[in-house]
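Scroll down for the structure; my scribbles are underneath it.
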2 protein chains.
Amino acid sequence: MAEPSARPRLPEPLAEPSARPRRIVRDVAAAVGLAEGERGVDAVIATLARLEPVSIRRVSRATELPVPIVASVCGELRKRAVVAEERPARLTDAGRALFAHGELSLPSSAACRRCGGRSVVISDELHAVVRDVARLARAAPPPRLELDQCHCTVETKIRRVLALHAAGALVGKRVLLLGDDDLVSLAIASVVREFGSETTIARLVALDVDERILALVREGLAAAPFPWVCVEHDLRVRLPEELVGGFDTIVTDPPYTIPAVRLFLSRAAEALAGAGDVFLSFGSKRPGAARLAQQAITEHGLVIRSLTRDFNEYVGAGVIGGTSHLYHLTASEETRPLVGEFPGALYTADA
Amino acid sequence: MAEPSARPRLPEPLAEPSARPRRIVRDVAAAVGLAEGERGVDAVIATLARLEPVSIRRVSRATELPVPIVASVCGELRKRAVVAEERPARLTDAGRALFAHGELSLPSSAACRRCGGRSVVISDELHAVVRDVARLARAAPPPRLELDQCHCTVETKIRRVLALHAAGALVGKRVLLLGDDDLVSLAIASVVREFGSETTIARLVALDVDERILALVREGLAAAPFPWVCVEHDLRVRLPEELVGGFDTIVTDPPYTIPAVRLFLSRAAEALAGAGDVFLSFGSKRPGAARLAQQAITEHGLVIRSLTRDFNEYVGAGVIGGTSHLYHLTASEETRPLVGEFPGALYTADA
């Protein structure tokens, strides 16, 4: 358990973007009279950067903003030379320079064409990533069952990265892995090395209580093109101060007990920088567990954006049937942590 | 609005199954010491009937019961000659006669193979159904916008039926359509005519406030092979007594306001016979709407089993971006209606 004095030094956050893009966003939000404010404009721009060229309708779906609002935001951005005149919508070079922080040219076939892009698939173009991640996963230490470790399959690690990307929660984001025995950090690094650039990820922090995991992650991230750090920490203790409010995207696969879910959601809420996304895996089969987990999600002011059954597959997980579900949660104005210090039993073996 | 005196006559419920299967279920639940009780055994048997021959692991996923529990239930069912000795698991002829109420031999390719069955697709084998439903849909009256009618596409109507079937919420079930301007009843009838039998659906009730819709549904269901009835009713008034507690599966696409969602969920909770499934479409883009809808779901004691973004596509629905999300909800011990008589504004135009 990390003592305050042993708090890891974290890399300095990336330099804040210059004032100009922020002013543009503020002006556009005001010109449109957007209820969602600057966040809404940010979402439109981020979606343009990720999907361009892209139809207004598709931006509307991705941002959950009505079509006329998106059209109006794009109109204002055109006046400011951030969005180009052509259709479908795209950024200008100047707009890209101001707003597109890093990129990731994934094969477009990551979205499942057969079922209308409602799920992600690992296309053949990802074979180098699969090989790479499989090699790293083979080096993983055996799961410590008393910590509820249970490694997900190589395919699942990669599909999680694709799901993050498909949700707009990867490129340009500050990503926190709240526990990483699944080695999602290494899958992110592999995908970025193959298809991205050094600015694809603004910052990645892998936090775990198990030093064996962190040693492996450190080794695997050594050549990662983006800023990263590993933090040894027991989540029963509050987050190191440097992590509070510092992230856009949180990924976590906590022990499948309700106290653990509440604890991890609270730590996620602390770590989020206002808006942001939480990818929570959960698959307890105890009666009532799903209802209580969803109650915890609601009470934390988090919103379920999607819930995909059996998204995660695990190696040798007989009793839980080998799968769990992926919740994509987003923060709202009401998002807040509910658990402080946590003295209780955390793992299923303690329950 | 239907007066109590004008309450429609409903067909008699199907005869209760004989006492023997119920006794078997009770004995197996007791022998296994199942926390979920008879419901758990029912779920295992229904899954066997739907998917046989099927692995224990797949039954575990579908029922959310741990693998050893499913194995043990199947063991007890084998002793009673309901499940056959062979693997993967399947019913005996005697078991089928006792428990398999109707069937539906859909092309297996309804589950999307490319993304691991995580979504449903309309395979070529369904072309007759697509043609049939498209023909019926062309006869639909123009949407009454003041009732928030907004017809979903033919593909969506059929994919809803496939999603119901994939979730085990169609075969042998009593199905209630809480509002049916989407004509899902006709898509169900078409799929059953093509691939099912007269016992595939135990009973279907289409309820709507709009007599024009009901006239069309009545015409389309005239040749349906299962028991059905159309009910004209304004959901602001409580359900006709004969509908209370009478259904296993509810399908609804209410107006996208929070009061309407609360109202429709309350009516769904009233209509459910204890356990059961609710398929709710919702896609409001107002800020906070998703959070409030999920709060309403939790407060009604319903559990989100899956949430598929942009599952529903609509004809000419410019402003909402042409899509909404499909929530698959299941009832819990805590499920209860929260709204009684409803005097307020229901439709988005009134809000």
Side-chain angles (χ1 to χ4, degrees), chain A residues 35-36 40 56-61 63-70 111-121 155 159 283-291 293-295 297-299 301-311 313 318-323 325 327-328 330 332-334, chain B residues 35-36 40 56-61 63-70 111-121 155 159 283-291 293-295 297-299 301-311 313 318-323 325 327-328 330 332-334:
Chain A
E36 291 78 3
I56 297 298
R57 174 154 296 210
R58 192 147 170 233
V59 176
S60 159
R61 288 186 193 180
T63 56
E64 298 227 295
L65 294 168
V67 166
I69 296 285
V70 173
C112 181
R113 273 189 305 267
R114 188 156 191 266
C115 57
R118 286 180 191 82
S119 195
V120 292
V121 289
E155 202 209 10
R159 282 196 298 105
S284 167
K285 294 189 172 176
R286 296 192 190 198
R291 188 171 61 77
Q294 291 172 18
Q295 223 164 46
I297 289 166
T298 299
E299 284 170 19
L302 291 161
V303 185
I304 304 174
R305 195 167 151 86
S306 69
L307 196 182
T308 310
R309 295 190 71 72
D310 301 320
F311 183 94
E313 307 197 323
V319 172
I320 66 164
T323 67
H325 318 314
Y327 287 77
H328 173 194
T330 51
S332 73
E333 305 277 313
E334 309 292 328
Chain B
E36 292 78 4
I56 297 298
R57 173 156 297 210
R58 193 150 170 230
V59 176
S60 160
R61 289 186 193 178
T63 57
E64 296 226 296
L65 294 167
V67 166
I69 296 286
V70 173
C112 181
R113 273 188 307 266
R114 189 158 190 263
C115 57
R118 285 182 191 81
S119 194
V120 292
V121 291
E155 203 210 10
R159 282 196 298 105
S284 168
K285 294 189 173 177
R286 296 193 189 196
R291 189 170 61 76
Q294 291 172 18
Q295 224 164 47
I297 289 167
T298 299
E299 284 170 20
L302 291 161
V303 185
I304 304 174
R305 196 167 150 84
S306 68
L307 197 182
T308 309
R309 295 190 71 72
D310 302 320
F311 183 95
E313 308 196 323
V319 172
I320 65 163
T323 68
H325 318 314
Y327 287 76
H328 173 193
T330 51
S332 73
E333 306 277 314
E334 310 291 329

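Per chain, numbering begins at 1; letters A, B, ... match sequence-line order. Keep in mind that the numbers below use all heavy atoms, side chains included, and drop hydrogens, waters and symmetry copies.
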Interface moiety of A:A290 toward chain B, non-hydrogen atoms closer than 4.5 Å: both
With chain B, which of A:I304, A:T298, A:I56 has the greatest number of heavy-atom pairs at distances under 4.5 Å? A:I304
Minimum heavy-atom separation for A:S332 to B:R291, with atom names? OG-CD, 3.3 Å
Taking every heavy atom of B:K285 against every heavy atom of A:P66, the minimum-distance pair comes out as CD-N, 4.0 Å
Please classify the contact between B:S306 and chain A as side chain, backbone, both or neither, with a heavy-atom cut-off of under 4.5 Å. both
Heavy-atom distances under 4.5 Å only: say whether B:R305 touches chain A with side chain, backbone, both or neither. both
Please list, chain by chain and in numerical order, all residues satisfying side chain to side chain donor-acceptor pair (under 3.5 Å) with B:E64, sequence neighbours excluded. A:R309, A:H325
Ring pair (Phe, Tyr, Trp, His ring centres under 6.0 Å) with B:H328: which residues, sequence neighbours excluded? B:F279
Going from CD on B:Q294 to CG on A:L302, what distance comes out if it is rounded to the nearest 0.5 angstrom? 10.0 Å
Once rounded to the nearest 0.5 Å, what's the spacing between atom CZ of B:R286 and atom CD of A:E36? 11.5 Å
